[in-house]
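Below, all heavy atoms of this structure are taken into account, side chains as well, without hydrogens, waters or symmetry copies.
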Amino acid sequence: MKTGKRYWRSLGELSDTPQFREWLHREFPENASEWTNHASRRTMLRLMAASFGLAGLAACRRPTEHIFPLAKGVEDYVPGNPLFYSTAFALGSAAFGLHVETHDGRPTKIEGNPNHPASLGAASAFAQASILSLYDPDRTRSVRQGRRRSSWEAFGEFAKDYFRDDGDGLRFLSGEVISPSLEAVQQHALQRFPRARWIEYEPVSQDQAIAGAELAFGRAVRSHYQLEKADVVLALDCDFLGLDAPSLAYTRAFASRRKVSAPKSEMNRLYAVECNYSLTGAAADHRLQMRASKMALFLAALAAELKLAPEMPARAQLSDAELRWLQAVAKDLAAHRGRSLILAGPRQPAVAHAWAHALNELLGNFGTTVRFTAAEGKRQVEQIRELADEMAAGRVKTLVILGGNPAYDAPADLDFSSRLTKVRTVIRLGLEEDETSALAHWLLPEAHYLESWGDVRAWDGAVTIQQPMVAPLFGGRTAAEVAAMISGYPYQRAYDIVRNRWGGAEAAWRKALHDGLIATEQVEEVKPKTRLDRILATPLPPSVDGIEIVFQPDASVWDGRFANNGWLQEAPDPITKLTWDNAALLAPSTARTLGVKSGDMLLIESAGRQIRIPAMILPGHAAGSITLPLGYGRTKCGRVGRGVGFNVYPLRTSNAMGFAAASSVRKIPGSHRFSLTQEHHSMEGRPIVLETTMEELRKDPRAVEKKTGRHELFSLYKEPTYDQGNQWGMAIDLSACTGCNACLLACQAENNIPIVGKAQVARGREMHWIRLDRYFEGSDEEPSIVFQPMACQQCENAPCENVCPVAATSHSPEGLNDMAYNRCIGTRYCANNCPYKVRRFNFLDWHKDLDALQKNQYNPDVTVRMRGVMEKCNYCVQRIQEAKIKAKAESRRALRDGEILTACQQTCPAEAIVFGNLNDPNSKVSKLKKQARNYQVLAELNVKPRTSYLAKVRNPNPELA
Amino acid sequence: MGAIFPKSANGVVRLAAGALLLAAGASIGLYAYFSQPRVLDTGYTPVQPVPYSHKLHAGNLGMDCRYCHFTVERAAYAAIPPTEVCMNCHVRVKPQSAQLQLVRESYARGEPVAWVKVHRLPDYVYFNHQAHVSAGVSCVSCHGRVDQMLEVKQVQPLSMAWCLECHRNPAPHLRPVELVTKLDWKPDRDPTQIGREIMEAKHIAPPVNCSGCHR
Amino acid sequence: MADLAIRPQDMQQELNPPLVTGGLSYRDITEKVSGICESKTPRSWYIAIGVTGSLTAVLGLMLAYLVANGIGVWGNNSPVGWAWDITNFVFWIGIGHAGTLISAILFLFRQRWRTSINRAAEAMTLFAVACAGIFPLFHVGRPWRAYWLFPVPNTDLNMWQNFRSPLLWDVFAVSTYATVSALFWYVGLLPDLATLRDRARSKLRQWVFGFLSLGWRGSARHWKHYEAAYLILAGLSTPLVLSVHTIVSFDFAVSVIPGWHTTIFPPYFVAGAIFSGFAMVITLMVIARQVLRLENLITLKHLDNMCKIILATGSIVGYSYAVEFFTAFFSGNPYERFTFLNRATGPYAWAVWTMFTCNVFAPQLFWFKKIRTSVPAMFAISIVVNIGMWFERFVIIVTSLHRDYLPASWGYFRPTVVDVLTFTGSIGLFLTLFLLFARFLPIIAVSEVKSVLHAQNAGH
Amino acid sequence: MPEAVSHKVQGMLGDFPTPEALLDAIHALRAKGYSRLDALTPFPVHGMEEALGENPSRLGYIVAAAGLAGAAAALLLQWWTGAVAYPLVIGGKPPFAFEFSIPITFELTVLFSAFAAVLGLLVLNGLPELYHPVMNASRFAGATDDRFLLVVDAADPAFHLEHTAELLRALGSEHTEVFEG
């Protein structure tokens, strides 16, 4: 529907921002009518409601609505039909290939690119949410010189006569450069300005890993783990399924070894040694809590145990329990030479990484479970430290900051922002107005990666061309463009820069664009040798007495760059279920010694600096250690992120980026209210998430069934039969699910799910259609964690349907529990009567305060729900309908299995969610449901859910039982 | 003392009561009738910025609907044609016509012509042209004899009840796909029979559940 | 031992004290009751209605605010989709049971003592039901669509109601109950309206009551059909009054939620309703009796009887509570067990124990005749019972919802100011209506009391 | 009343202090062959119907019929909307079933019956009847207060201005008057 009336109105709403008008006119007038569609979809629902029974009368004065067709056609654009482009998303040193769905020129949804080795069709929460940042109304909207609004032309003029010399005192500062075309410009710039230097800094970097490699091999390398080949995995402070690695591909590989279809199938075993409770820890078969500062020692001891290193005092510092654990692990590893793997996390010091390498070589894992490619040995922290010193010494005249946010996230001891004031000219290219922009003399709007040309090299070297789906909304430019501008690079526009970097024939280029991968580059694989003597010569880090503090990227805002992203802020932390906040995570025992409970404020001091932050007790966290998630407490930030959470960077110094010793931690007056999406953590012994072990399964294949118990189920009535046509159903493998938030974000993007904000989450009104239920099991001190994605179960005997007085929710012949928003009057009875509590009610008009710009992200295939109506998961019925219509048009009778992917399924890195036709015995889902692990939650209620779960299987080491 | 009310009071009261009942009944009846989309929405004939005559183009000149509404078989929307399409002919045909002024301007400036929407569905209704056309539902079923309209006019209520009529019993409205745009098609035999055969052949079973149209 | 001897007339007095005392004549009764609404409006009345009126205004404001912003202005959340809204609804509907019960069931049981209280009780019923009606109407997310709850012909949608839904049964039950009670009440009023008409001096009153009494003359034929109609209405109302709260209880009993899904709800709810209803009657009548000096018509015997009924129903309620807990544990259903354990010990334990104290323990005091016949005592207890019964509904609704099957979905409900003010406002509305009634209509069924007096004099 | 009451004798009214006296009087008059009598009393007096030879009320039949109609209407509504007009699969239950139709059937039965009872009452009593000649009688007001009135219709063959008045006084009427209108 193209409803012009409201189109004009929403333009009116926006007309206060000239950029918007400019953007509207310049970019895509043709589909102006389309995008308002969604704005109007909302308004419409409201109007319908407002116009009451008087709908009739209203129509007497029927509003004139306009249709705005294109003036000139656009190739392969059919109004209303989506187009998909491949591109890539970069985060630190990693990049992930994507497919982006666009509707009439508006990117609306991000999927993983199945051909891309780093994403394999999956997309992380960050990647998916990045689309919201594109439409962030708080983005830098224009070039500014000081306070004055300026223009690119003006800056061009300025640059022309400012950058004449040989670059004396000229410094470039950017995030890690993983873009080949930017590298080209970088090199050119450094030739053009011989005395200039280019610093790369990421708050979350691979520095220690590189240092470790240099220590072990004498050269920097990148490690590539082949988890699908590993039978026994030992992860030390390494959340390779979560935040400490390009986790999508690793998750896929790991999960492939966790889905046991038959009792005889071989399952891998994961040992995790960690401080904070991570997704990896949750997935582990054995988890050992250990302070981060002790893990290098653990590895050394392991080396000793495996006779790689001579006996050393290390062992003495391990407790008996730890030692028992270590011995068992050592035995298990040794028993799986060439099929085992040891990973050390980025927070761990070089020596730990070195030991890990040494052990992997000893265990014959080189070339089998771990491969290496060459890497350059730049240390980012050192680079920025030098820069800071130069700034302090006044030797930096011009600093060109391309992206990043050093004023906020540079190591505290460098005192970056105050030293920045010593620089004569600070030129800053930034996506949003942040702490750094505030200190810049020239502020340049950066182009979002979805609106500009670029290219990125993934962790394993695969290169993807980034192509724009819209022209820059606020006239932003890329880092390459700015660097080119300053250094007079022969190519000035992003497209030319990239196109020229790759050259090649048009056909190959087009193919590269289409596939999202460029063939030309080859990454050299290296076969390094460890030098044990050097490792042995390196002292282990001193043990921290007192409480240690550990810094880690946050699952929602990473290093702070996503602070203004409402989806991510509202996405609950997978482990703590905390939204819109960070907290000092500590073990119950630590809390007891400090005399604090969750919500109490702590004053933490380290290296002469201090922060205030509320404590949160996390069962399973290592004692005597406090985890501080980075990225919160932004002072200069958009409306969403400003003042959310607590900034922990002040404690993070350049020589202790991973963890440090706290000089003092004490409770101070005051408390903080967290907004949690899950407040109860125990399963109360109910058969909700069923768990079994490989052993049990081998003994008795029916083990799972026995746990649920049998129930005599009957109905008063003759129940309808669902044996015709498609019968949709879903199976979720809890053994594969790692609890990452990918599905939750996918659902949010696909189904126009609103953001409700911290206060409303606290009231229990979050709108996510799919919950990731997280349960702790076992003791408070040593709990294990299980996850359960919980969305509408599409019950055949749906209790919600029975109680709706106006029949707003009823059953489709294909077994879907339909929800007709436009019929709903909002009694909330259905939600009350839902045993899974998966229905969501629009308590308020969540879309009211939404900037029209953000409405561009709305999926036009899904109604935007007005306040006062109920909503819930519907297996992405819009996708089902599209597919059916497509099949009909192609006059196909049956749909192919896997032709329809629900949003959550499509993006799940573990492929834990499988949707399909239960009526087709050969469909993947039917097969899964036939497995002995398959069970229905609350089956005894006879609601006959169409979604069922495959019990979680762990593979514990009998020796540790 | 005497009675409070005059003798006539009894008659008056009875009369009043009768009148009241009548009025109530009448108003309900009237509302029930006039609130029908059939009564309200049909016949809506807005004035278009450009006096484009479907009668001339589709009728007299016999142009196929799909020449302009070319996405109808591929998309949910039967797109209103880009100005470009008009100009394909009108660079030569009547290049100077005053009536085409707007069109020429639009083409020159690259800005759209603000056509007025005639057939409107609520935003929570997902009607898909592709699905219907490929099944063999003719344009005429919903839009009427556009080829006879000087100004396009809504001839059907486009209400849910009306949609359901056809979704429950599609046979009378089906025809061979190639004849979909032949608005004046007269079947040589019982159309319902033809419809049944098509349903048979194409396994047509229109949805009557909510998510068929509401998502 | 002589003084221990009991004289027969004392015995008579003891067992069956007169329902009309002070040797009143028919005329006196007419004077007494009609006098109330004919005399000059006392200052106190204006003050009272000033207060209740402003509370009613608050109700209006709150509802407007609610409709303007959405249910979010209340504390309701997920999982607690219903909270104060439905609690208030059930509370008021419960109150609204005494009236019809007194006029219908006691009538069928030939309980003559009902006559002096049934009029006021019926009025109270109507007002309570009116207050109750507000909540289901405004608790919906889109009240402007609430008319979809009724089978209104719709030529555009061709959509109808879902008759499997207890909520829909509720709509029919409550609206039927409201209508029938109103009719019943009006029929009862007819003769007394005629009395007012014939006593009226001013033209206005003559006309108004003339119209309202429809020309009632009290002729033999009138009375014949009148008695028939009254008997029939009583016969209809009796099952109706039972069905209403039964169906209200279905809203919960028919669901799948532990703590809701139970078979004892119907009798339990009905008992509770009568319990709270009578408590409210006492609260109001004690005041009316005092203020309007009706001691001779509303005698201690009336109050005593009502206290006995409260004691009886209160005990039934207490028994139901016990049975609920017993079945929960006896059932062996872990979810049921948890729900009741959680009620008694969970975050809402305070509400549960308030409920127990008010509903189970307080009314037991009525075993003592001293308390049954002490006006202040019964007044206090009646208030306590009302509070207790509100909490009963709160407990049933909120504690069952806030922790059901999947612990991950558990939550906690906190009311907002709007919640509180809306309920307070509804009390205001209730009292306002009652004040208006007490001022302008005969609050005692004159003709009925006369026939009782006649019977009493005739000595049978 | 301003507009003149047509001065035609409509009947005669006797005023008695107690229901008993009234009943005795009625018995006496009927014994004397009076047939068109009526009594106006502040509350229903037992034995009055017998005394006046009124046959019992037929209201019950009307109500019963209405009740059946209500039940039928309810069932029809639920069956037609559920199973005919738009059959939807809801909660795995059939489009129509007696189990879940009972509550509403019951409610509508009661509703219809109640309306029938009240409307029946009015119709059978010819209400609303704001004007009635007897209202012109000076003592009429007593009938809704504490007096028990006996009304002899002028149309009664036995009616006679003097004799009837005599008779009434003899039977203990404390006031006897002729009313017109």
Give the minimum heavy-atom separation between [X] and [Y], together with the two atoms involved.
| X | Y | result |
| --- | --- | --- |
| D:Tyr131 | B:Phe5 | CD1-O, 3.1 Å |
| B:Ala9 | D:Leu130 | CB-CB, 4.2 Å |
| D:Tyr86 | B:Met160 | CE1-CE, 3.8 Å |

[atom1] ([X]) with more than 12 external heavy atoms under 6.0 Å:
| X | atom1 | result |
| --- | --- | --- |
| B:Lys55 | NZ | no |
| B:Lys153 | NZ | no |
| B:Glu178 | CD | yes |
| D:Arg58 | CZ | no |

Supply the atom-to-atom distance D:Glu129 CD to B:Arg14 CZ, rounded to the nearest 0.5 angstrom.
->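 The distance works out to 6.5 Å.
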